[in-house]
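Structure first, commentary second.
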Amino acid sequence: GVNYAVTRDWTAYALYSASFRGNGRSDSRDPQSSFLAPEEGVGFEVGTKVSLIDRKLTGTVALFEVTKKNIRRVDSGAIVEGRNGVVLSDGEQSKGVELDLLYTPNRNLTAVLAYAHTDAKITKDVINPGASPDLDRDGKADTIGLRLKGVAPNAVSLWLKYELTAGPLNGLVAGTG
């Protein structure tokens with residue numbers, strides 16, 4: 001990654017990352033079966049960070065994109081057809097924006113507010129009768145363009161922390177969020 005301090009309280013940054021994860025064997029029933037191709041991913045992020053009010057309020061705005069291929073997933077039709085229950089998805093992409101604010105008005109209290117908008121979907125796939133069929137017969141898997149399961153399009157979080165800094169309970173922290 002690269003950081004550039006525009007001013008003392010304002011920084012711009014850019015990040016690049018690559019990932020790799022093994023997917024195991026091609027047939028979970030056969031310990032001699034070949035290994036599946038590994039999951040691979042590439043990520044990009046650009047953003048800016050700012051500090052305000054004597055650094056009591058900090059914020060980050062970021063745009064991101066993550067692309068993966070060879071994602072292991074369950075083949076729902078495998079048991080019916082007597083096949084292995086694992087297939088690889090050809091491509092998934094998540095892109096969006098994140099906003100984070102951190103407010104520390106004094107040494108006892110911290111508040112964090114975050115929002116993320118994520119567009120996560122299947123971008124490439126192979127036709128597979130159980131997991132990604134071609135029911136409309138257009139030569140493309142019907143899963144292309146579907147949103148990824150388990151990824152909320154919009155997420156908001158708020159977290160508060162209070163720490164006692166004096167007296168017999170010095171160091172006691174209470175938090176909620």
Side-chain angles (χ1 to χ4, degrees), residues 1-6 11-50 58-102 112-159 177:
V2 175
N3 287 314
Y4 177 72
V6 179
T11 302
Y13 70 92
L15 299 170
Y16 167 83
S17 63
S19 64
F20 172 92
R21 182 172 72 176
N23 271 323
R25 297 210 179 263
S26 58
D27 188 334
S28 58
R29 301 167 298 173
D30 180 4
Q32 301 302 316
S33 65
S34 61
F35 283 96
L36 293 166
E39 178 182 301
E40 297 177 48
V42 173
F44 299 95
E45 182 175 329
V46 294
T48 186
K49 298 177 182 241
V50 65
T58 60
T60 303
V61 177
L63 300 172
F64 65 90
E65 180 176 299
V66 177
T67 304
K68 292 182 179 181
K69 67 179 184 177
N70 299 328
I71 302 94
R72 183 183 178 119
R73 68 172 193 225
V74 174
D75 180 352
S76 58
I79 294 172
V80 174
E81 298 178 12
R83 293 180 284 112
N84 180 35
V86 176
V87 294
L88 297 181
S89 174
D90 255 6
E92 296 179 356
Q93 183 180 63
S94 300
K95 57 185 174 179
V97 61
E98 294 178 355
L99 307 158
D100 299 304
L101 291 174
L102 174 73
V112 178
L113 176 64
Y115 168 77
H117 173 75
T118 306
D119 180 21
K121 60 182 138 189
I122 297 172
T123 57
K124 295 179 189 172
D125 213 347
V126 292
I127 297 171
N128 175 296
S132 50
D134 180 19
L135 299 176
D136 59 5
R137 299 176 192 245
D138 65 354
K140 294 185 263 179
D142 296 337
T143 53
I144 295 174
L146 294 179
R147 291 196 56 79
L148 294 179
K149 293 178 183 178
V151 179
N154 295 290
V156 177
S157 64
L158 174 62
W159 181 73

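Scope of the values below: all heavy atoms of this structure, side chains included, with no hydrogens, waters or symmetry mates. Throughout, residue positions are numbered sequentially from 1 according to the sequence presented.
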Counterpart residues, side-chain contact (heavy atoms from CB on, under 4.5 Å), relative to [X] (two or more places apart):
X   : result
A37 : N70, L88
K95 : E65, Q93, D119
V2  : none
V66 : K68

Distance-minimising heavy-atom pair for [X] and [Y]:
X    : Y    : value
D90  : K69  : O-CB, 3.2 Å
R25  : L36  : O-CD1, 3.6 Å
A152 : R147 : C-NH2, 4.2 Å
G59  : L101 : CA-CD2, 3.9 Å
D125 : A141 : CB-CB, 3.8 Å
A114 : D100 : CB-OD1, 3.1 Å

When rounded to the nearest 0.5 angstrom, what is the spacing between [atom1] in [X] and [atom2] in [Y]?
X    : Y    : atom1 : atom2 : value
N3   : T11  : CG    : OG1   : 6.5 Å
T143 : K124 : OG1   : NZ    : 13.0 Å
I144 : I122 : CD1   : CD1   : 8.5 Å

Pair up each side-chain donor or acceptor in residues 12-22 with any protein partner under 3.5 Å, not counting sequence neighbours, and list the distances.
unit_1, atom_1, unit_2, atom_2, d
Y13, OH, E45, OE2, 2.6
S19, OG, G41, N, 3.3
R21, NH2, E39, OE1, 3.1

Heavy atoms, side chains only, cut-off 4.5 Å: are [X] and [Y] in contact?
X    : Y    : answer
V42  : F44  : yes
T118 : F64  : yes
N154 : Y115 : yes

Taken in chain and number order and not counting sequence neighbours, the residues that satisfy side-chain hydrogen bond (donor to acceptor under 3.5 Å, both in side chains) with D136 are none

Could you pull out all residues at least two apart from T48 that satisfy side-chain hydrogen bond (donor to acceptor under 3.5 Å, both in side chains)?
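Once residues adjacent in sequence are excluded, the partners of T48 under the side-chain hydrogen bond (donor to acceptor under 3.5 Å, both in side chains) criterion are W10.
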
- request: For the pair H117 (side chain) and P153 (backbone), establish whether a donor and an acceptor sit closer than 3.5 Å, ignoring hydrogens and angles.
  value: yes

